[in-house]
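What follows is a single structure, written as structure tokens, with notes after it.
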Amino acid sequence: MIHLRGLREEKQEENMIRLIAVAGFLAFATSAQAMTPAPLPQPDGMITQVRLGCGPGRTRVGGVCVARTTIRHVRRGYRRGYY
């Protein structure tokens with residue numbers, strides 16, 4: 001009697017492990033298909049556009065391209081009363 005009960009428990013334990021493994025695999029497989037990756041934007045050509053055509057480190061002020069440091073220095077001069 002004890003020997004048969006031990007075999008049944010082992011068989012039940014083995015079936016439970018298989019059930020958990022299959023459930024885990026199905027959960028993983030369905031979650032992988034649930035979300036599609038976002039498409040990456042493709043560049044139109046070989047040319048990289050720079051904002052307003054002034055180049056890196058520069059910006060447009062009054063229709064003229066000036067360095068960003070120039071803007072900072074002019075602002076500093078006004079604050080200190082040089083102009």
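With a 4.5 Å cut-off between side-chain heavy atoms of Ile, Leu, Val, Met, Phe, Trp and Tyr, the cluster of Val61 takes in Val64, Val66, Ile71.
Under the ring pair (Phe, Tyr, Trp, His ring centres under 6.0 Å) criterion, Tyr78 pairs with Tyr83, sequence neighbours left out. With sequence neighbours excluded, the residues that form a side-chain contact (heavy atoms from CB on, under 4.5 Å) with Arg72 are Thr69, Arg76. Applying the salt bridge (Lys or Arg N to Asp or Glu O under 4.0 Å) rule to Glu14 yields the partners Arg18; only residues at least two apart in sequence or on another chain are considered.
One N or O on the side chain of Arg58 and one on the backbone of Cys65 form a donor-acceptor pair closer than 3.5 Å.
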